[in-house]
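In what follows, a single structure is set out as structure tokens and then discussed.
As the structure is a computational prediction, the values presented were derived from the model and not from experiment.
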Amino acid sequence: MRDKNLKIAIEGTSGAQLHAGLNWEPSDTTIVKKRYSAFCRTELEGILSAMGVGELVLCGINTHACIRMAAIDAYQRDLRVVLAEECIDSYDGEHGRVSVDYLNGKVAKLATVSGITQALRPLQAAGTLPPQAASSFDATRTSVPARPAEQNNVV
């Protein structure tokens, strides 16, 4: 990135803005990525550890780079990894599919938003979701907002 002078998702630029349709609250923890993986040079690992997180649901753009790197980094930290099927995409469709095929069943589990929501409902009902997850989890919402093509570098 540095050698090519790429500045596509730099803090303070439009490429780093959260999607307007995201169910986000000012009290939510936000991590500003420095590279493809959300774990690279960020405080994400410490935050997840402090929250007692054992399973991580990943969504985002550039499946072949960002999602793949974050999934492998999470797996190497002994986290169970779920890929939200409708919430990952890649501008390089073939490379994205190859990445999902590689990750699914080895490093991560591919699941639909509906399946993820169903899995979380009993935890929410039992009050066992971490407070941060419980505050933003909406069991009635099983669809994701459409992403404008120009917003393909959301962090």
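From Leu110, atom CG reaches atom CG of Leu83 across 6.0 Å, with rounding to the nearest 0.5 Å. We find the CZ-CG distance between Arg97 and Asp92 to be 8.5 Å, quoted to the nearest 0.5 Å. Between the CG atom of Asn62 and the CE atom of Met69 there is a distance of 12.5 Å, given to the nearest 0.5 Å. The distance from atom CD1 of Ile116 to atom CD of Glu86, rounded to the nearest 0.5 Å, is 7.5 Å. Atom CG of Asn23 sits about 8.0 Å away from atom CG of Asp28, to the nearest 0.5 Å.
Linking ILVMFWY side-chain heavy atoms closer than 4.5 Å, directly or via other members, places Ile61 and Val98 in two distinct hydrophobic clusters.
Sorted by first and then second residue, the salt bridge (charged side-chain N to carboxylate O under 4.0 Å, His left out) pairs involving residues 51-61 (not counting sequence neighbours) are Glu55-Arg80. For residues 105-119, no residue pair satisfies the salt bridge (charged side-chain N to carboxylate O under 4.0 Å, His left out) rule, not counting sequence neighbours. Residues in residues 57-71 take part in no salt bridge (charged side-chain N to carboxylate O under 4.0 Å, His left out) pair, two or more places apart or across chains.
Across Ala84 and Val57, no two heavy atoms sit closer than the pair CB-CG1, 4.1 Å. Of all non-hydrogen atoms in Ser37 and Ala70, the two that sit nearest each other are OG-CA, 3.6 Å. Across Ser99 and His64, no two heavy atoms sit closer than the pair OG-CA, 3.3 Å. The two residues Cys87 and Val113 make their nearest non-hydrogen contact at SG-CG2, 3.6 Å. In this structure, Lys33 and Cys66 approach most closely via the heavy-atom pair NZ-SG, 3.3 Å.
Residue Gln76 places its CD atom among more than 12 non-hydrogen atoms of other residues, nucleotides or ligands, all under 6.0 Å distant.
Scored by the side-chain contact (heavy atoms from CB on, under 4.5 Å) test, Thr42 finds Ile31, Lys34, Leu44 as partners (sequence neighbours excluded). The side chain to side chain donor-acceptor pair (under 3.5 Å) test applied to Glu45 returns Arg77, not counting sequence neighbours. For Ala74, the side-chain contact (heavy atoms from CB on, under 4.5 Å) criterion is met by Phe39, Leu56, Leu79, Val81, not counting sequence neighbours.
Residues Asp73 and Tyr36 are not in side-chain contact: their nearest non-hydrogen atoms beyond the backbone lie 4.5 Å or more apart. The side-chain heavy atoms of Ile47 and Val53, taken from C-beta on, include no pair separated by under 4.5 Å.
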Thr63 vs Val100, side chain to side chain contact (heavy atoms under 4.5 Å, CB included): CA-CA, chis, key distance, verdict: CA-CA 7 Å; Thr63 303; Val100 169; 3.6 Å; yes
